[in-house]
*Asks:* 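Before we start, here is the structure in question, set down as structure tokens.
Just so it is clear, the structure is predicted and the values come from calculations on it, not from any experiment. Letters go in sequence order (proteins before strands), and every chain restarts at 1.
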2 protein chains.
Amino acid sequence: MKVSREQMAENHRAIVEAAGRLFRERGFDAVTVAEVMKAAGLTHGGFYGHFRSKDDLIAKTIEHALAQAPGPSADLDGYAARYLSEGHRDDRAGGCPTAALATETMRQSPEARAAMTAALKRQIDALQLQTPGTDAAERRQAAIGSWAAMVGAIILARLSDDPQLSDEILRETRAWIGEGRGAAT
Amino acid sequence: MKVSREQMAENHRAIVEAAGRLFRERGFDAVTVAEVMKAAGLTHGGFYGHFRSKDDLIAKTIEHALAQAPGPSADLDGYAARYLSEGHRDDRAGGCPTAALATETMRQSPEARAAMTAALKRQIDALQLQTPGTDAAERRQAAIGSWAAMVGAIILARLSDDPQLSDEILRETRAWIGEGRGAAT
DNA sequence: TGTACATCAGTGAACGCGCGTTCACTGATGTAC
DNA sequence: TGTACATCAGTGAACGCGCGTTCACTGATGTAC
């Protein structure tokens with residue numbers, strides 16, 4: 001059952017996309033190659049025509065998901081409001097790859113970790129551009145600090161089995177970031 | 001080879017302690033029951049005399065590790081300086097259980113998640129007490145915001161394969177948290 | 001206090017299941033003429 | 001443009017390894033007398 005070149009490219013994309021959602025939702029280890037293939041509408045045997053190994057899929061999936069993730073195009077507060085929304089918290093499968101997979105990626109292949117680091121640098125640079133203020137060092141500090149707070153808050157909000165606490169973490173971190181940090185110095 | 005009651009209690013403690021270090025270092029899935037028992041100086045067969053299952057061990061280990069973790073006894077800045085130190089970043093096995101295991105614990109048993117949530121509440125309350133300011137709501141906001149930033153920064157610093165970026169994240173987040181947040185309002 | 005024996009914590013071989021990976025096969029694609 | 005055939009993407013059965021879990025056994029503990 002050979003398929004056309006276009007169909008094969010489309011299948012490849014479907015595999016990476018399905019893996020991206022499943023990995024973010026359940027983690028690398030809990031998702032099987034067969035599950036990913038099934039979610040992509042294929043059978044598990046064809047997997048090795050697309051990837052060298054599950055580790056290879058993981059690395060490629062991380063790169064793809066990070067490339068897809070929307071960067072901060074609005075102002076810092078607007079971005080934080082979207083990032084720290086209940087909608088984002090509840091959409092782990094479609095949300096920020098860093099928040100969903102950072103801890104596990106540390107222990108993956110060097111390629112996977114390098115892709116995450118590169119995305120982290122891009123994110124900090126992009127946030128710095130959206131941060132108000134004239135002093136570049138000060139804006140970089142605010143970019144790093146607020147990115148750390150956003151990632152930490154989403155993780156803690158998802159962790160909490162108490163919905164009120166979860167909402168509070170999002171709300172208060174949003175307010176804390178927007179509190180005119182730079183204005184204090 | 002029956003052992004004395006004291007020895008058995010000591011063995012139990014050794015298992016939980018070894019599991020705590022191994023889980024924080026490599027994650028729940030990558031650590032085998034046999035490895036934990038070996039690290040505790042025992043053989044794998046005896047495991048089920050101490051725990052009902054690996055999941056049971058995970059829940060008990062999380063509770064134990066969280067109970068052991070030192071809370072913020074100093075002022076907020078002093079605590080942040082220790083938490084965001086290079087030493088803590090490099091000691092994943094002995095460091096903060098939340099930073100090491102939060103993402104994976106979300107998908108574990110309800111007991112494990114509940115233990116993490118309880119620890120999160122305790123941590124926020126304790127941080128609030130160490131936060132300067134008179135307005136309680138404002139201090140709680142600072143406690144939540146800075147805890148999110150601390151957890152996020154340690155995770156991002158550990159993720160980065162670029163040592164300079166990693167150091168910078170710790171340093172700038174420390175400075176950002178200490179920037180006299182409360183004084184701005 | 002000393003002795004006999006029941007208990008039971010720990011041992012290590014074995015089991016069974018699940019998952020990553022392989023492979024012989026199928027049949028649609030796409031190229032050569 | 002139409003036809004014959006080589007290619008090769010996808011299929012699904014099978015393999016083998018590793019890990020959680022079980023179990024018959026061992027021998028030290030600790031209790032009954």
*Asks:* What's the closest nucleotide to the B:His50 side chain, out of C:dG10, D:dA28, D:dT21?
*Replies:*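 Between C:dG10, D:dA28, D:dT21, the one nearest the side chain of B:His50 would be C:dG10.
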*Asks:* Taking pairing as Watson-Crick or G-U wobble with both contacts under 3.5 Å, can you name the mate of C:dG16, or confirm there isn't one?
*Replies:*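 Per the H-bond distance test, D:dC19.
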*Asks:* Output yes when at least one side-chain N/O atom of A:Lys54 is less than 4.0 Å from OP1 or OP2 of C:dG20, else no.
*Replies:*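 Checking A:Lys54 against C:dG20: at least one side-chain N or O falls below 4.0 Å of OP1 or OP2.
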*Asks:* Would you say B:Glu17 and B:His64 are linked by a side-chain donor-acceptor pair, where the criterion is simply a distance under 3.5 Å?
*Replies:*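 Side-chain D/A pair, B:His64 to B:Glu17: present.
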*Asks:* With the side chain of A:Arg5 defined as its heavy atoms from C-beta on, choose the nearest nucleotide among D:dT29, C:dG30, D:dG20.
*Replies:*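 Comparing D:dT29, C:dG30, D:dG20 against the side chain of A:Arg5, the answer is C:dG30.
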*Asks:* Looking just at side-chain N and O atoms, do B:Ser166 and B:Arg158 make a donor-acceptor pair shorter than 3.5 Å?
*Replies:*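 Their side chains do not contain a donor-acceptor pair, so the 3.5 Å distance test is not met.
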*Asks:* Roughly how many Å is it from CZ in B:Arg52 to P in D:dG20, rounded to a whole number?
*Replies:*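 Value for this atom pair: 17 Å.
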*Asks:* Would you mind reading off the distance between B:Ile58 atom CD1 and D:dG20 atom P, rounded to a whole angstrom?
*Replies:*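 My rounded result for the distance is 9 Å.
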*Asks:* From C:dT21, C:dT29, D:dC19, pick the nucleotide closest to the side chain of B:Thr32?
*Replies:*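 Nearest to the side-chain atoms of B:Thr32, counting from C-beta on, is D:dC19.
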*Asks:* Tell me what A:Gly45 touches on the nucleic acid: a base, only sugar-phosphate, or nothing, going by heavy atoms under 4.0 Å.
*Replies:*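 Base contact - A:Gly45 has a heavy atom under 4.0 Å of at least one base atom.
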*Asks:* Return the nearest nucleotide to the side chain of A:Tyr48; candidates are C:dT11, D:dG12, C:dT22.
*Replies:*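 For A:Tyr48, the side-chain atoms sit closest to C:dT22.
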*Asks:* Is there a side chain to side chain contact (heavy atoms under 4.5 Å, CB included) between A:Lys121 and B:Leu165 once you walk through the steps?
*Replies:* CA-CA 8 Å; A:Lys121 286 179 179 172; B:Leu165 177 63; 3.6 Å; yes
*Asks:* Output the rounded distance in Å from CD (B:Glu6) to C1' (D:dT29).
*Replies:*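 About 10 Å, once rounded to whole Å.
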*Asks:* Could you go through the salt bridge (Lys or Arg N to Asp or Glu O under 4.0 Å) check for A:Glu35 and A:Lys38 one step at a time?
*Replies:* CA-CA 5 Å; A:Glu35 270 178 311; A:Lys38 191 176 180 188; over 6 Å; no
*Asks:* What's the CE-P distance between B:Met8 and D:dG30, to the nearest Å?
*Replies:*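 From B:Met8 CE to D:dG30 P: 12 Å.
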*Asks:* Please name the nucleotide paired to D:dA9 by Watson-Crick or G-U wobble geometry with both distances under 3.5 Å, or report none.
*Replies:*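 D:dA9 is paired with C:dT26.
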*Asks:* Choose from D:dG10, C:dG10, D:dT29 the nucleotide whose nearest atom is closest to any side-chain atom of B:Lys2.
*Replies:*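 The listed nucleotide nearest to B:Lys2's side chain is D:dT29.
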*Asks:* Would you say the base of D:dA9 and the side-chain of A:His12 have a donor-acceptor pair closer than 3.5 Å?
*Replies:*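 Checked by distance alone, the answer is no.
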*Asks:* Could you state the atom-to-atom distance from CG of A:Leu42 to C1' of C:dT21 in whole Å?
*Replies:*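 These atoms are roughly 17 Å apart.
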*Asks:* Between B:Glu10 (CD) and C:dA9 (C1'), how many Å, whole number?
*Replies:*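 In whole Å, C:dA9 C1' and B:Glu10 CD are 14 Å from each other.
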*Asks:* If each of A:Asp29 and A:Gly46 is mapped to the nucleotide of DNA chain C with the nearest heavy atom, which maps nearer the 5' terminus, i.e. the 5' end?
*Replies:*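 Residue closer to the 5' terminus by nearest nucleotide: A:Asp29.
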*Asks:* Whether B:Glu104 and B:Arg113 form a salt bridge (side-chain N of Lys/Arg under 4.0 Å from carboxylate O of Asp/Glu) is what I want to check.
*Replies:*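 Judged by the 4.0 Å cut-off on N to carboxylate O distance, B:Arg113 and B:Glu104 do not form a salt bridge.
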*Asks:* Closest-nucleotide mapping onto DNA chain C: is B:Met1 or B:His44 further toward the 5' terminus? I mean the 5' end.
*Replies:*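 Its nearest nucleotide lies further toward 5', so the answer is B:Met1.
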*Asks:* Let me know the distance between CD1 of B:Ile15 and C1' of C:dG10, rounded to the nearest Å.
*Replies:*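 Spelled out: CD1 on B:Ile15 to C1' on C:dG10 is 10 Å.
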*Asks:* Who does D:dT31 pair with, Watson-Crick or G-U, both distances under 3.5 Å?
*Replies:*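 C:dA4 is the nucleotide pairing with D:dT31.
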*Asks:* State whether a side-chain donor-acceptor pair under 3.5 Å links B:Asp161 with A:Thr117.
*Replies:*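 Yes, side-chain donor-acceptor contact under 3.5 Å.
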*Asks:* Between D:dG10, C:dC8, D:dG20, which one does the side chain of A:Asn11 approach most closely?
*Replies:*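 My answer, after comparing the listed nucleotides, is D:dG10.
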*Asks:* Mind calculating the distance between CE (B:Met37) and P (D:dC19) to the nearest angstrom?
*Replies:*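 Roughly 16 Å, once rounded to whole Å.
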*Asks:* What is the nucleic acid contact for A:Val36, judged by heavy atoms within less than 4.0 Å: base, sugar-phosphate only, or nothing?
*Replies:*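 The residue A:Val36 makes no contact with any strand.
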